[in-house]
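A note on names: the letters A, B, ... follow the listed sequences, proteins ahead of strands, and every chain is numbered from 1.
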Number of protein chains: 2
Amino acid sequence: MNAKAPTLKDIAEEVGVTPMTVSKALRGMPGVKASTRAKVLAVAERLNYRVNVQASSLKSGRSGIIRIMVNEYRLPFYAQLIDALSDEVRRNGLTPFLQKTGYSAESAAEAMRSPYFSGSMFDGTIAHASGVTEAGILKSGNPTVLLDDCAANPAVSTVNWPNEMGARAGVQHLIDRGCRNIGIVTVCPYMDVEDLLRDHVSNDPVRLRGARSALIDNGLPYDPEHVIRVTGLNEPQGIDAAHRLADTHAGFDGYLCMNDSLALGLIRGFADRGVRVPDDVRVIGFDGIVAGAYSVPTLSTVSVDLDQLAQIAVGQLLRQINDPDGDWRPTATTVGFALIARESTR
Amino acid sequence: MNAKAPTLKDIAEEVGVTPMTVSKALRGMPGVKASTRAKVLAVAERLNYRVNVQASSLKSGRSGIIRIMVNEYRLPFYAQLIDALSDEVRRNGLTPFLQKTGYSAESAAEAMRSPYFSGSMFDGTIAHASGVTEAGILKSGNPTVLLDDCAANPAVSTVNWPNEMGARAGVQHLIDRGCRNIGIVTVCPYMDVEDLLRDHVSNDPVRLRGARSALIDNGLPYDPEHVIRVTGLNEPQGIDAAHRLADTHAGFDGYLCMNDSLALGLIRGFADRGVRVPDDVRVIGFDGIVAGAYSVPTLSTVSVDLDQLAQIAVGQLLRQINDPDGDWRPTATTVGFALIARESTR
DNA sequence: GTGAAAGCGCTAACAA
DNA sequence: TTGTTAGCGCTTTCAC
């Protein structure tokens, strides 16, 4: 270890003022003579002074740190999401703190309870993680924005994916490309019309609802066999599904997958069985991960602009943080999408 | 916002002891009667008490936070790396803090200088980022472990990828599969034997050296035309390279790419030109990202066990942190690899 | 425009 | 086994 880091006091002594004046000068507050400020800045520079965040936030109650909570880092979707959110947080002069919960509700609860969320470790949280409940957030009383929480009447601000419209557009695209027997690959079980018309709190049922409406509107079948259920959102589950579908000669000519990794897995699984995409069956994904632009075949997808989403989410959060008296109302925003047609639906 | 978070004092008043006793009880320190501790824990639980990390570390000089610094989050290689490192840090009871520098040396320098690295915000840093220099680290005086810094005689502990041996094995694998005219796809410009025999401070030249030795040992050509230079490590650069190679009828029958994303890009670029992998040319990558197991074709690669790497890196860092008097010596570890043969070199 | 006083919540060191 | 003292480095408040 080096010598102790320089403090306000060190600078103050050199300049010949009090620590208070140095603090004001460094933070650019009014009420400091220009010449004094210049001297302070010079000495701070020379001593390589950095404010001690712990002390600063202990007193001020603000850390400038925004927590970004997600299920995992490796799924390309999440890698892109944390990237976009981190950049946006920094663009606002704040520091992003990433945390992952591994899809576990206990882990999420633990993260909310952890010492790092007490006191003033974080000024706020943006979460896209299983088990982060409204109740928990309200209890904590901390500024929070939920991503894709899809609750009908949220008590917490949310920014949502275009689940219904996006899935609808994806299926319509398959139909436009000539598909007449379309399978929906999802973690959500088959749901009948009544179920689907109800509101749901996770995105998959909402996406399924969108897919269904496109099928019905085009006079195409929607029944239990058309919903292919998988147990997770990564490639392996897509591969398994493809193997099952090929082995049972399912006979679909197009598939909408609830995310791109599933879709890439489906394509890979079909390749194992000699089923060619798009020659034999067509496949479209959801999210618009970059890998879909480089796969063989390239992947058609319902693409969401994560930069725009991040901007809205951080904006909402800052509004909460900066509102002194909690005099804001929760908002629910749904972002737009673009249908990207690539080789997998050609 | 809710009512103010409970403090040690609140608990102390309820239990009828001093904050000091509460502090000891909560931290499990000796010298507290079992019955007192029980009472304290009960009240802490009921009040939903969480220690204030800022205050705690302001006083103790330890934050329990380990910084993980990388160039980016989205490249699958980095997504897997931060995942493994985060898990390992948590396994040791510490909190990971992720930071990205975007390959920019200024950004890295800024990150090292930032307020969050002064005082006691981080207990230590593990870095795999361009521009994190030994000099900067030594100047900061903070415990640090560098990943893949490949300096010959490091003043800072490093954990390195098996660059030379891995690249050598990759090329040997291509040779074993019948390749006789092998191209090396790398960001490093062609370097003659003398250049390559010198020590270098980034991994690409070292990998190139390993590739070269395999070629030479097998009596195969190694000259400027065999080194295909790209300007980055992502898929697009691989695609560009493939287009160039196909358009100029380069005539190679096998390629070693310096990472898997380049290799996947190469395969995609060849697909654009009707060049089939592995039928027409064979391709092997480096790192062992999971996407390589799900691509079409699946990707052969020199795979590195990131969990093992993370374990070593965190272990080294903890040794530095826990050594009170800096009485440790920097170490340089090289982790092992496994050659995974998949469809792309069949 | 500058400074003095006070204390954020916690813990190391020592006293009782 | 428990308590007292003191202070980490900073910022808020208010006096000058």
Side-chain angles (χ1 to χ4, degrees), chain A residues 1 3-41 43-44 47-65 115-123 324, chain B residues 1 3-41 44 47-65 115-121 123 324:
Chain A
M1 278 289 181
K4 220 172 49 56
T7 69
L8 284 187
K9 212 172 121 207
D10 298 324
I11 300 177
E13 279 168 10
E14 282 226 23
V15 177
V17 292
T18 60
M20 194 57 247
T21 306
V22 176
S23 173
K24 278 191 203 151
L26 289 175
R27 284 181 296 149
M29 299 192 69
V32 180
K33 206 175 14 170
S35 62
T36 310
R37 185 188 308 271
K39 267 189 270 179
V40 166
L41 291 176
V43 174
L47 295 184
N48 200 25
Y49 171 83
R50 307 294 152 200
V51 67
N52 180 320
V53 207
Q54 332 266 346
S56 158
S57 64
L58 177 58
K59 183 67 190 179
S60 69
R62 282 280 184 94
S63 66
I65 302 178
Y116 294 94
F117 200 36
S118 83
S120 47
M121 182 73 207
F122 306 122
D123 289 348
Chain B
M1 278 287 179
K4 219 172 50 58
T7 69
L8 284 187
K9 213 171 122 209
D10 298 326
I11 300 177
E13 279 169 7
E14 282 226 23
V15 177
V17 290
T18 59
M20 196 59 243
T21 303
V22 176
S23 173
K24 280 191 202 153
L26 288 176
R27 285 181 296 150
M29 298 193 68
V32 180
K33 203 169 29 168
S35 61
T36 311
R37 185 187 310 269
K39 265 188 271 179
V40 167
L41 292 176
L47 295 184
N48 201 26
Y49 171 82
R50 306 295 152 200
V51 68
N52 181 321
V53 206
Q54 332 266 347
S56 159
S57 65
L58 177 58
K59 182 65 190 176
S60 68
R62 282 281 184 93
S63 65
I65 302 177
Y116 294 95
F117 200 36
S118 82
S120 48
M121 182 75 208
D123 290 347

Query raised in the report: Between atom CD in E13(B) and atom P in dC10(C), what is the gap in whole Å?
Result: 13 Å

Query - Separation of dC10(D) P from N52(B) CG (nearest whole Å) - result: 17 Å

**Report entry** side-chain N/O Y49(B) vs dG9(C) OP1/OP2, d < 4.0 Å
**Finding:** no

Report summary line: Atom CG of L8(A) and atom P of dG9(D) are separated, to the nearest Å, by 10 Å

Query raised in the report: Which whole-number value in Å describes the distance from K59(B) NZ to dA6(D) C1'?
Result: 7 Å

Query - Residues from residues 14-29 of chain A lying under 4.0 Å of DNA chain C - heavy atoms - result: V17(A), T18(A), M20(A), T21(A), K24(A)

Query - Side-chain heavy atoms of T21(B) within contact of T36(B), under 4.5 Å - result: yes

Query raised in the report: Between atom CG in D10(B) and atom P in dC10(C), what is the gap in whole Å?
Result: 9 Å

Query raised in the report: Whole-Å distance between dG9(D) P and K9(A) NZ?
Result: 8 Å

Query raised in the report: Taking OP1 and OP2 of dC10(C), is either one under 4.0 Å from a side-chain nitrogen or oxygen of S57(B)?
Result: no

Query raised in the report: Which nucleotide in the list dC8(C), dC10(D), dT11(C) gets nearest to the side chain of S60(B)?
Result: dT11(C)

**Report entry** Student check: side-chain heavy atoms of Q54(A) and S57(B) closer than 4.5 Å
**Finding:** yes

Query raised in the report: Strictly by modelled atom types, are R50(B) and N48(B) linked by a side-chain donor-acceptor pair under 3.5 Å?
Result: yes

Report task. May I have the distance from R62(B) (atom CZ) to dC8(D) (atom C1'), rounded to whole angstrom? Result -> 16 Å

Query raised in the report: Do V51(A) and L26(A) come close enough that some side-chain heavy atom pair is under 4.5 Å?
Result: no

**Report entry** Closest listed nucleotide, where the reference is the side chain of A55(A) and the choices are dC10(D), dC10(C), dT2(C)
**Finding:** dC10(D)

**Report entry** side chain to side chain contact (heavy atoms under 4.5 Å, CB included) assessment of T18(A) paired with V22(A)
**Finding:** CA-CA 7 Å; T18(A) 60; V22(A) 176; over 6 Å; no

**Report entry** Pairwise side-chain contact, M20(A) with L8(A), heavy-atom cut-off 4.5 Å (strictly under)
**Finding:** no

Report summary line: Assign each of P6(A) and G31(B) the nucleotide of DNA chain D bearing its closest heavy atom; nearer the 5' end lies the nucleotide of G31(B)

Query - Phosphate OP1/OP2 of dT11(D) contacted by S56(A) side-chain N/O (<4.0 Å) - result: yes

Report task. Calculate the interatomic distance between Q54(A) atom CD and dC10(C) atom P; express it in whole Å. Result -> 14 Å

